[in-house]
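In listed order, ligands and their atoms are each counted from 1. Side chains included, hydrogens not; waters and symmetry mates left out as well; all remaining heavy atoms used. These numbers were taken from a predicted model, which means no experiment stands behind them.
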Amino acid sequence: MQGWPERLAGPVGFQLCLPGTRPGHFGDTGTTSSPGQGSRERGAGAETSSAPPPPELQVQGPSTGFPGRVAMELGLAGRRALVTGAGKGIGRSLVQALHAAGVRVVAVSRTQADLDSLVRECPGVEPLCVDLADWEATEHTLGSVGPVDLLVNNAGVALLQPFLEVTKEAFDTSFDVNLRAVIQVSQIVARGMIARGAPGAIVNVSSQASQRALTNHTVYCSTKGALDMLTKVMALELGPYKIRVNAVNPTVVMTPMGQANWNDPHKAKVMLDRIPLGKFAEMENVVDTILFLLSDRSSMTTGSTVPVDGGFLAT
Ligand SMILES: NC(=O)c1ccc[n+]([C@@H]2O[C@H](COP(=O)([O-])OP(=O)(O)OC[C@H]3O[C@@H](n4cnc5c(N)ncnc54)[C@H](OP(=O)(O)O)[C@@H]3O)[C@@H](O)[C@H]2O)c1
């Protein structure tokens, strides 16, 4: 997969190549998917067209290098973001993308070794190691985190059990991490934004499982359903302070969590058959949507749950 610095056009860039635009000039990006996964196609279907896009689509920002390239300026550079669950998977990929976009990132996760390697990859990222299931430790670690403009509540656990075998431990851990920590971390960050009189954006990483029943997902579906509603209530109460709150709802992504739960080809096929695009999401699909929701490009969007699901929730 191509690295984020190459995918992002510059410190504030976020390149979109729309159907009908000139193909083949998106950096060196064609597809960025891994073998066996669906491909990420930019400008798909544009191979035979050399016509530039209509003027209304030609947003000529500082990172647009040629006619036909359409740039979406996200303007995130210089802001300070806090990402939870930053050690692996979607959170780690998001930190890399934000860092490449010139954002100052506070990376919160549970395994110190993951944070150490992340800081080596992305110098300047501020690591904070804490178990978000521990309320007191979280208060202690994040209480003096300082000003944060952008928050992504991404840390989550998926402890799958048949309904009749759900344990108290799985219930408590799942709700502590997937829901209670979102409330706690968001309180800390939002109180700071309000005290500074600063606007902000919060993205909660939910799931398609928030809105569809999945076998053995009693607790996980419940936490994500609750997270969708939490997102709406946060949007309602924080909107007057110019703090937007949205959720992204991905389908399966082959992160460590995805691999732990969807590696079985039979199980995966049952899910893939329910996804109109016939593929799981790539991490960058989720990251791109989060970046958009963090940016002022989505300035009128709050309280929404945005599927990144290949159409799963439409069925
Ligand atoms: N992968 C999917 O198929 C999928 C689909 C839809 C939604 N999601 C959601 O996307 C988010 C990220 O998932 P992912 O697939 O990237 O998961 P992942 O690969 O398991 O990575 C999760 C990260 O969160 C950290 N984390 C977990 N519990 C924590 C805690 N109590 N305190 C601090 N950090 C903690 C993990 O640290 P440790 O490894 O050290 O525990 C890890 O770095 C989750 O909210 C998940 O529910 C995932």
Side-chain angles (χ1 to χ4, degrees), residues 37-38 82-97 106-119 125 127-142 151-160 169-170 172-182 184-185 203-212 214 217 219-228 230-231 247-264 267-268 271-272 275 279-287 289-290 305-310 312-313:
Q37 280 279 302
L82 190 153
V83 178
T84 69
K88 299 184 177 77
I90 294 165
R92 189 179 184 99
S93 192
L94 176 66
V95 171
Q96 292 163 343
V106 181
V108 179
S109 205
R110 187 165 50 176
T111 301
Q112 185 64 50
D114 287 341
L115 291 170
D116 291 344
S117 63
L118 183 61
V119 171
V125 164
L128 289 179
C129 194
V130 66
D131 180 354
L132 293 166
D134 183 333
W135 181 280
E136 285 72 30
T138 300
E139 206 65 39
H140 177 74
T141 306
L142 295 185
L151 167 63
V152 181
N153 290 302
N154 163 79
V157 292
L159 306 175
L160 307 192
E169 290 70 29
D172 287 347
T173 301
S174 300
F175 272 89
D176 285 356
V177 179
N178 295 7
L179 194 72
R180 197 185 69 181
V182 176
Q184 186 186 19
V185 175
V203 176
N204 297 329
V205 182
S206 182
S207 168
Q208 64 179 10
S210 68
Q211 296 169 43
R212 290 293 182 281
L214 302 177
H217 280 65
V219 172
Y220 186 76
C221 284
S222 301
T223 63
K224 295 300 187 178
L227 183 58
D228 280 5
L230 172 63
T231 301
V248 290
N249 298 62
T251 185
V252 174
V253 189
M254 280 305 183
T255 61
M257 177 191 287
Q259 284 165 6
N261 293 318
W262 297 96
N263 250 353
D264 171 19
K267 185 179 174 187
M271 175 56 74
L272 285 166
I275 300 174
K279 58 187 179 183
F280 292 153
E282 301 283 347
M283 279 195 285
E284 65 209 51
N285 299 140
V286 183
V287 168
T289 303
I290 294 172
T305 52
V306 181
V308 186
D309 67 344
F312 176 85
L313 290 174

N261 side, atom CG; Q259 side, atom CD - distance, nearest 0.5 Å
10.5 Å

Could you measure the distance from the CG atom of L115 to the CZ atom of R110? Nearest 0.5 Å is fine.
11.5 Å

Atom 20 (O) of ligand 1 sits nearest the protein heavy atom M257 CB, 3.4 Å

Atom 40 (O) of ligand 1: of T138, T111, T223, the nearest heavy atom sits on T111

Provide, to 0.1 Å, the distance between atom 12 (C) of ligand 1 and the closest protein heavy atom, together with that atom's residue and name.
N154 OD1, 3.1 Å

If the cut-off is 4.0 Å to any non-hydrogen atom of V205, which atoms of ligand 1 fall inside it?
9 (C), 10 (O), 11 (C), 45 (O)

Are the side chains of Q184 and L142 in contact, using a 4.5 Å heavy-atom criterion?
no

Starting from atom 24 (O) of ligand 1, which protein heavy atom do you reach first, and at what distance in Å?
G85 CA, 3.1 Å

Using a strict 4.0 Å cut-off to heavy atoms of V130, name the atoms of ligand 1 that fall inside it.
32 (N), 33 (C)

Measure from atom 27 (C) of ligand 1 to every heavy atom in Q112, R110, Q259 and give the option owning the shortest one.
R110

Do D309 and N249 have side chains that get closer than 4.5 Å, going by heavy atoms?
no

Any idea which of V108, T255, V152, V177 brings a heavy atom closest to atom 1 (N) of ligand 1?
T255

Suppose I only count heavy atoms of G89 and a 4.0 Å limit; which atoms of ligand 1 are within that range?
16 (O), 19 (O)

heavy-atom search around atom 5 (C) of ligand 1 in the protein gives T251 O, 3.1 Å

If I take atom CG from residue N204 and atom OG1 from residue T231, how far apart are they, to the nearest 0.5 angstrom?
4.0 Å

Distance, nearest 0.5 Å, that separates CG of D114 from OG of S109
6.0 Å

Within 4.0 Å of some non-hydrogen atom of I90, the atoms of ligand 1 are 10 (O), 16 (O)

Just to confirm my output: which protein heavy-atom neighbour is closest to atom 37 (O) of ligand 1, and how far is it?
S109 OG, 3.5 Å

Ligand 1 atoms nearer than 4.0 angstrom to some heavy atom of L132 are 30 (C), 31 (N), 32 (N), 33 (C)

Proximal atoms of ligand 1 relative to G87 (non-hydrogen, under 4.0 Å):
43 (O)

Rounded to the nearest 0.5 Å, how far apart are CE of M271 and CZ of R212?
10.5 Å

Ligand 1 contact on K224 by region, counting heavy-atom pairs under 4.0 Å:
side chain

Numbering the atoms of ligand 1 from 1, which are under 4.0 Å from a heavy atom of A133?
31 (N)

Which residue supplies the protein heavy atom nearest to atom 6 (C) of ligand 1, what is that atom called, and how far is it?
P250 O, 3.4 Å

May I ask you to check whether V253 has an N/O atom sitting below 3.5 Å from an N/O atom of ligand 1?
yes

For ligand 1, is there an N or O atom under 3.5 Å from any N or O atom of K88?
yes

Numbered in order shown, the ligand 1 atoms found under 4.0 Å of a heavy atom of G156 are 27 (C), 44 (C), 45 (O)

Spatial distance of atom OG1 (T223) from atom CG (L179) [nearest 0.5 Å]:
7.5 Å

With the threshold set at under 4.0 angstrom, would you say T84 reaches ligand 1 through any of its heavy atoms?
no

Is there a side-chain contact between L230 and L227, using heavy atoms and a 4.5 Å cut-off?
yes

Heavy-atom distance to atom 35 (C) of ligand 1: which of A155, S207, A209, A281 wins?
A155

Are any of the heavy atoms in S206 under 4.0 Å away from ligand 1?
yes

Would you mind checking which non-hydrogen protein atom is closest to atom 31 (N) of ligand 1, with the distance to 0.1 Å?
D131 OD1, 2.8 Å

For ligand 1, which is the ligand I care about here, please tell me if V157 has any N or O atom under 3.5 Å from one of the ligand's N or O atoms.
no

If we only count heavy atoms from C-beta on, is the E282 to S93 side-chain gap below 4.5 Å?
no

contact_flag Y220 ligand 1 heavy-atom lt 4.0 Å:
yes

If we only count heavy atoms from C-beta on, is the F280 to L272 side-chain gap below 4.5 Å?
yes

Taking the side chain as every heavy atom from C-beta outward, state whether T173 and L159 have any atom pair closer than 4.5 Å.
yes

Could you say whether the N/O atoms of Q208 and ligand 1 ever approach to under 3.5 Å?
no

